[in-house]
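Both backbone and side-chain heavy atoms feed into the values below; hydrogens, waters and symmetry mates do not. Remember, it's a predicted structure, so these values are computed and weren't measured experimentally.
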Amino acid sequence: MENINTVEIIKLSWQITKKKFGTISKFLGIYLLIIFALQILTAILKNLHLALIGEVIGFLFNALLSGGFIYTMIKLIKEGDAEILDLFIMFEDMNLGTNYVIMTVLESIILVIAFMLLVIPGIYLSVGYIFAPYLLIDKRLSPWEALETSRKTVHKHWLQYFIFGLVIFLINVIGALFFLIGLIITIPLSIVAFIELYERTFNGKSSTSVDSF
């Protein structure tokens, strides 16, 4: 991918978001409710003096559900449809789930070290690893392959990817300013935009045609 046309990607993503807003919102709502329930469980375990167990369970389930949500969104945008059970793909496919957890741990450790040493390496890698979850899920790369493939690809046009991420961040900030109500629109838009960017970067084409919806 030679150049990132941020405006074009956001415009197309907005068209897709409008047509699939109800479905995306449904999956996002279910995902957030489960995460909220996990937070309650973690708090209960903490009160029972089982904080460490609660933290481990919370981390594992958060990682697996996060991966499942990304899988579901990729499937929805690329194929036009997805099922609620897709959210739990990481529990069903244990190999995929295990790799996703390992990748999450590796990425977290690397980023913590990078930010502790100097802020700039941390920012560089934070942007560099943006495609790692998509690559591991969509192309079934190993944890390290996903991280390195993402980093090496982003490195070629790092500033453009950084600007894209910054624009998406600012869109969500604007959404949050409207009593958080705007996030109902901007979060689904952001999800679609990153999948669209991923598809253009690694598959050399748009994730889908608006007309297909």
Side-chain angles (χ1 to χ4, degrees), residues 13-14 16-105 107-108 111 126 129-134 136-138 165 168-198 207-208 213:
S13 299
W14 172 238
I16 296 172
T17 301
K18 286 193 296 183
K19 292 180 179 294
K20 279 291 182 181
F21 179 74
T23 307
I24 295 173
S25 298
K26 177 183 71 175
F27 286 123
L28 180 60
I30 294 172
Y31 167 70
L32 292 176
L33 281 174
I34 296 174
I35 294 298
F36 179 69
L38 280 173
Q39 294 299 319
I40 294 176
L41 176 61
T42 301
I44 292 173
L45 290 173
K46 186 176 181 179
N47 288 333
L48 294 174
H49 305 291
L50 298 172
L52 180 59
I53 294 176
E55 290 297 327
V56 172
I57 292 176
F59 172 79
L60 290 175
F61 274 74
N62 268 288
L64 293 172
L65 286 168
S66 174
F69 181 73
I70 293 173
Y71 171 86
T72 303
M73 291 298 99
I74 292 174
K75 183 179 178 182
L76 176 64
I77 302 306
K78 292 178 66 173
E79 301 178 16
D81 194 21
E83 301 176 356
I84 292 176
L85 288 178
D86 289 327
L87 289 169
F88 306 99
I89 185 68
M90 297 292 169
F91 297 91
E92 180 182 341
D93 187 338
M94 291 306 297
N95 183 57
L96 180 62
T98 300
N99 281 336
Y100 194 87
V101 170
I102 292 172
M103 185 203 70
T104 302
V105 172
E107 182 179 5
S108 298
L111 290 178
S126 294
Y129 289 155
I130 57 172
F131 295 122
Y134 303 93
L136 186 142
I137 292 169
D138 188 43
I168 295 298
F169 171 75
L170 291 175
I171 288 174
N172 282 286
V173 169
I174 293 172
L177 292 177
F178 291 93
F179 306 100
L180 302 181
I181 296 176
L183 293 175
I184 297 173
I185 302 297
T186 61
I187 290 178
L189 172 62
S190 302
I191 292 168
V192 176
F194 272 108
I195 293 175
E196 177 66 21
L197 179 63
Y198 163 74
S207 60
T208 184
F213 289 119

- prompt: What's the shortest heavy-atom distance between P188 and I24, and which atoms?
  reply: CB-CG2, 3.8 Å
- request: With rounding to the nearest 0.5 Å, note down the distance linking CD1 in I74 to OH in Y198.
  value: 6.0 Å
message: A side-chain contact here means heavy atoms from C-beta on lying under 4.5 Å apart; do I137 and M90 qualify?
response: yes
- line: F131 meets the ring pair (Phe, Tyr, Trp, His ring centres under 6.0 Å) criterion, sequence neighbours left out, with Y161, F202
Working for side-chain contact (heavy atoms from CB on, under 4.5 Å), residues F21 and I184: CA-CA 10 Å; F21 179 74; I184 297 173; 3.6 Å; yes
query: So do F61 and I34 actually touch side chain to side chain, heavy atoms under 4.5 Å?
result: no
message: If you apply the rule side-chain contact (heavy atoms from CB on, under 4.5 Å), what do you find for I185 with W14, and how did you get there?
response: CA-CA 9 Å; I185 302 297; W14 172 238; 3.4 Å; yes
field: Atom pair CZ (F27) and OG1 (T72), whose distance is rounded to the nearest 0.5 Å
entry: 6.0 Å
field: ring pair (Phe, Tyr, Trp, His ring centres under 6.0 Å) involving Y100 - partner list, sequence neighbours excluded
entry: none
- prompt: I168 and A193: which non-hydrogen atoms are nearest, and at how many Å?
  reply: CD1-CB, 3.9 Å
query: Going by heavy atoms in the side chains, are T42 and F59 under 4.5 Å from each other?
result: no
message: Side chains of V192 and I77, heavy atoms from C-beta outward: is any pair under 4.5 Å?
response: yes
- prompt: Tell me, do F88 and L65 make a side-chain contact under 4.5 Å, heavy atoms counted?
  reply: yes
- prompt: So with a 6.0 Å cut-off around OH of Y31, is the heavy-atom count from everything else above 12?
  reply: yes
field: OG on S25 to CD1 on I191, rounded to 0.5 Å
entry: 8.5 Å
- line: Closest non-hydrogen contact found for S190 with N172 is OG-ND2, 2.7 Å
Shortest non-hydrogen contact from I130 toward S126: CG2-O, 3.5 Å
message: Between N47 (side chain only) and I44 (backbone N and O only), is there a donor and an acceptor less than 3.5 Å apart?
response: no
task: Please check if the side chain of S13 supplies one atom and the backbone of L189 the other of a donor-acceptor pair under 3.5 Å.
output: no
message: Does L96 form a side-chain contact (heavy atoms from CB on, under 4.5 Å) with L136? I'd like the steps, not just the answer.
response: CA-CA 8 Å; L96 180 62; L136 186 142; 3.7 Å; yes
field: Reported CD1-to-CZ distance for the pair I89 and F69, which is rounded to 0.5 angstrom
entry: 15.5 Å
task: Without swapping roles, check the side chain of N62 against the backbone of G58 for a donor-acceptor pair under 3.5 Å.
output: yes
field: Between CD on residue Q39 and CG on residue L32, distance to nearest 0.5 Å
entry: 11.0 Å
task: Give a yes or no on whether the backbone of E55 and the side-chain of K46 come within a donor-acceptor separation of less than 3.5 Å.
output: no
message: Rounded at 0.5 Å granularity, tell me how far CG in L38 sits from CG in L33.
response: 11.0 Å
